[in-house]
Amino acid sequence: MKVSLEERYDPQKVEVTWQKYWSERNLYKTELNTSLKKFYCLEMFPYPSGEIHMGHVRNYAIGDVIARYKRMRGYNVLHPMGWDAFGLPAENAAIKHGVHPSEWTHKNIDKMKRQINRMGFSYDWEREVTTCRPEYYKWNQWFFLKMLQKGLAYRKDSYVNWCPSCGTVLANEQVIDEKCWRCESNVVQRELEQWFLKITHYAEDLLQACDEMKGWPEKVVTMQRNWIGKSTGVEVDFRIEGTEEKMRIFTTRQDTLFGATFVCIAPMHPLADRLVSDKEGLGKVRARYGRMDEKYGLFTGFYAINPMNNEKIPVYVANFVLMEYGTGAIMSVPAHDQRDFEFAQKYDIPVRVVIVPENRTQNTEHRAQETTPPPPLLQGEGIVSYAPSPSNSNPPTPPLSKGGWGGFVIGGEGGITEAYEDEGILVNSGQFSGLRSDIARQEIAAFIEGNGLGKSVVNYKLRDWGISRQRYWGTPIPVVYCDQCGIVPVPEKDLPVILPEDVRFTGKGGSPLLESEKFLYTVCPTCGGKARRETDTMDTFVDSSWYFVRYCFKKGEIALDSELRTSNSELKYWMPVDQYIGGVEHAVLHLLYSRFFTRVLRDLGLINFSEPFTNLLTQGMVIKDGAKMSKSKGNVVDPNYLLQKYGADTARLFSLFAAPPERDLDWSDKGVEGAYRFLNRLWGIVYKNREALSVKGKEKKESMYRLTSYALRLYRKSHQTIKKVTTDIEREFHFNTAIAVLMELVNEITSFEPQSDEDRAVFRFAIETVLLLLSPFSPHIAEELWEAIGNKPGIFEQKWPEWDDEAAKEEEIELVIQVNGKLRSKLMIPLGLSDDGIKERALEEQRIKEIIGGKTIKKVIVVKGKLVNIVTGY
RNA sequence: GCGAGAGUGGCGGAACUGGCAGACGCGCUGGACUUAGGAUCCAGUGGGUAACUCCGUAGGGGUUCAACUCCCCUCUCUCGCACCA
């Protein structure tokens, strides 16, 4: 018995003591040990803003429970932490307060590290990663050079998303609702030459592997699929009458080709300048590019020839056609595309129906409501007769010819009020009429290819990743520009290209690197002549795309490339990450980039897997007063305050108890009090019973039969608790219910007063069980009390307790008796009773007899161990 | 608009393959101890009713001996994508 156990629970004292003890003994240090099963548990590393917030606390508490639990289950656990240390806030601080980004960042890291350690998380700091250090970003540069060699990095002049506030470009993924993901300023388009990584090379691979990502939330996988955005269709060439020009359009609905009544090109399409003489008009379309509120276009004065039917149809420039998707040109089928329909209505362009719903003739309900009999599907070749709305009292507008370029069409205002975009049967489509649209898509695609009119293609929404940032605090892109040799990569042996520290931050003009002559001017590695360094730095998402790889090795300077080539490298032991935990906001940013980088490593022959994260848990947000915590809303809870008032164990316990990890957590100050009370109560029980708890052993299975039923109940409850806590953790980390059953056990312990030595043994067993099961959640108090009842320190080095099904089994169960599905009575019955026995006992029950009275019993259903339902007649 | 998820007491949330709705915690009510309690402990707590009992898982229908759970329709909320041809 430890004499020093105090009467009052003082979390500050307990926690600091044990944190010191653990860190002095370096207990979280991880080493490769191939005889043990490994478990790589990773939480998304933070940006070192200087303060941890409740989101971090929750994220890392979840990870720490998993890490500690897996350790107790005998796994060799890698649980590292680091710093996503490059980024704009550091640079803004430099401009505003004159402190160097490096100094600012390192101070923040020190501060946050203290806070994180005060939470008692079990990190192996010997693998700490800090991305702004040359020994780390050197390998960003190495990755870049490898990609350059493989043609996966290239330089391109293009329109880019420009954030005027951050003064830099953004990748597509980093633009949210046309605003910057970080500062929420409106993003504008600007033409700029910059470096791209060819993530599109892996579009198909990334997409197909989505089907295998069983350990990821379906939601995230779906978001990735949608982001990659695969669509299959055809590209078709349309001649432009009276010119040598032709335009190539992309469509996924080649089954509607016969319904095209015009074609459109994007305002930035090269043809626009050549075809349109009204430059002012063209300017107006361009000004409305990307605006959702109106369809706006301009007739070019030219006509294109539909190669399927040789029809002559007008060519428009339209603001809703995107240059960056497909070919930047489309065919427009107003009858079957809502956007085209709206455009056609506005510019009075004819509409031609070429698909009718398949079930139209069979839909009797539909027909019954119609005042006029449904028109036949086809009235001879090419005649349209489709009334879209069953309640439409107007007969279908008769076919009429408009504009003089042949074919039967309906006026825009006529029969239909919206486009019919679903599948159906083709009409007015020449030799393809009568086919189902899905079949027609295949046949028309084949026809187009066979006749040299175009080709089948696959399109992706995914764009290449623009990584150039016109900012200082990031990884320098390792290339130089030589007057003689052009773009020259910095040789690997010269890496890292160090980010110079002696630069000035004015906040005006471009990157400070442009003014750093020492950095800027260099010699060409190829010809030795004068050369200028690239001044753009890399997007910080590059840093986080492979940091999980770096954790596999000790911190500091290493030769990553040769480490990776070593056949028995630590990487091969630890990777992939078994459990990754973080916010869902990175569903398509960081997580997609990381999958991309892992594939690059694979194709460099350095690893033999494709997916970095086997299991992903996206934790919900921390909410207070119905909104996400934010400074502007004034609803933030400061973790430091919690630490001071309640301690880490309480803060952790409540974050895990209030909701399952994947759901949003509603913060409640009162709820925190509840968690604190629980720990106090546990402390109080151990303190009060410090004498009785000195009785050790004897809680063996054989002795169980000598227990009084009083003690047996607690013994049984202990085993049930082990079982429930274990299965709840295993079943998608439902810590909230695990903690709830721990509370139940503590409630039972509270009302237990040991009388005999056997009682005391059971009592001790129950307490030890609580402490072991609680230790991943609230490790300090568990450790303190563990030692206080006479054990050696190191509770998380103990084995996770195992339950005994025999001991957990109830002797009696409460049988629920229903009559016609309604609860009428309850009865205690012995466990092993047969179905017939149960039936008999239920029917003997006095209350049941009364209810049944003279009614006939039609059926009796017995659910083993649960209930009896007696079904009666009337 | 499309896609995903969710709607359960006063609140956060339980209920594993259909089988006692509301575990656990908060709050509330009453009591004990106390100079005092916003400390602690004990008891109670979905709603209606004096009671038998009845009504209750967003709303409406259905399947079933039995539905929070399965099926159909409607509504609401959250998140993601959003002129992607």
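Note that this is a predicted model, so its numbers are computed, not measured. Chain naming here is simple, since letters A, B, ... match the order of the sequence lines and numbering starts at 1 in each.
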Would you measure the distance from the [atom1] atom in [N] across to the matching atom in [M] and give it in whole Å?
N: B/C20; M: B/C68; atom1: C1'; answer: 14 Å
N: B/A43; M: B/C77; atom1: P; answer: 43 Å
N: B/C26; M: B/G59; atom1: P; answer: 29 Å
N: B/G80; M: B/C71; atom1: C1'; answer: 28 Å
N: B/U74; M: B/G12; atom1: P; answer: 28 Å
N: B/G5; M: B/G25; atom1: C1'; answer: 25 Å
N: B/U49; M: B/G10; atom1: P; answer: 15 Å
N: B/A58; M: B/G13; atom1: P; answer: 15 Å

Is the backbone N or O of [Y] less than 3.5 Å from a side-chain atom of [X], with the two atoms forming a donor-acceptor pair by type?
X: A/T856; Y: A/K858; answer: no
X: A/T300; Y: A/V315; answer: yes
X: A/R595; Y: A/L206; answer: yes

Which nucleotide, [options], lies nearest any side-chain atom of [X]?
X: A/T737; options: B/C81, B/C65, B/A23; result: B/A23
X: A/A658; options: B/A15, B/G12, B/C54; result: B/G12
X: A/R847; options: B/U53, B/C24, B/G19; result: B/U53
X: A/F320; options: B/C65, B/G12, B/A85; result: B/A85
X: A/A740; options: B/G13, B/A23, B/A85; result: B/A23
X: A/P660; options: B/C65, B/A14, B/G12; result: B/A14
X: A/T750; options: B/C42, B/G25, B/G19; result: B/C42
X: A/T252; options: B/A85, B/G25, B/A15; result: B/A85
X: A/E744; options: B/G13, B/C20, B/C24; result: B/C24

Counting distance alone, no hydrogens or angles: does the base of B/C26 have a donor or acceptor under 3.5 Å from a partner atom on the side chain of A/E673?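 Result: no qualifying N/O pair found.
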Is a donor-acceptor contact shorter than 3.5 angstrom present between the side chain of A/K826 and the base of B/C20? yes
Between [X] and [N], is there a side-chain N or O to OP1/OP2 distance below 4.0 Å?
X: A/R677; N: B/C26; answer: yes
X: A/K219; N: B/G5; answer: no
X: A/R731; N: B/A15; answer: yes
X: A/T727; N: B/C16; answer: no

Classify [X] by what it touches in the nucleic acid, base, sugar-phosphate, or nothing, heavy-atom distance under 4.0 Å.
X: A/V333; value: nothing
X: A/T222; value: sugar-phosphate
X: A/M223; value: sugar-phosphate
X: A/Q338; value: nothing
X: A/K461; value: base
X: A/G229; value: nothing
X: A/V816; value: base
X: A/R681; value: sugar-phosphate
X: A/L322; value: base
X: A/N747; value: sugar-phosphate
X: A/R824; value: sugar-phosphate
X: A/D664; value: sugar-phosphate

Distance-only side-chain donor-acceptor flag, [X] / [Y], under 3.5 Å:
X: A/Q720; Y: A/E810; answer: yes
X: A/S332; Y: A/D337; answer: no
X: A/T200; Y: A/D464; answer: yes
X: A/Y687; Y: A/E6; answer: no
X: A/R681; Y: A/N747; answer: yes

Sub-3.5 Å pairs of nitrogen or oxygen atoms, protein against nucleotides 66-68 of chain B:
none

Does NZ or CZ of A/R652 fall inside the cone over A/F654's six-membered ring, less than 6.0 Å from its centre and within 45° of the axis? no
CD/A/E732: more than 12 non-hydrogen atoms of other groups inside 6.0 Å: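 Result for CD/A/E732: open.
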Can you tell me how far the CZ atom of A/F343 sits from the NZ atom of A/K295, to the nearest 0.5 Å?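 So the CZ of A/F343 and the NZ of A/K295 are separated by 9.5 Å.
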How many angstroms lie between CD1 in A/I829 and CD in A/E840, if you round to the nearest 0.5 Å? 12.5 Å
Where does RNA chain B pair, written as one dot-bracket string 5' to 3', with Watson-Crick or G-U pairs under 3.5 Å, ( ) inside the strand, [ ] for crossing pairs and | for another strand? (((((((..(((......[....)))((((((.......))))))((......))..(((((..]....))))))))))))....
By nearest-heavy-atom nucleotide on RNA chain B, the more 5' of A/N226 and A/R663 is A/N226
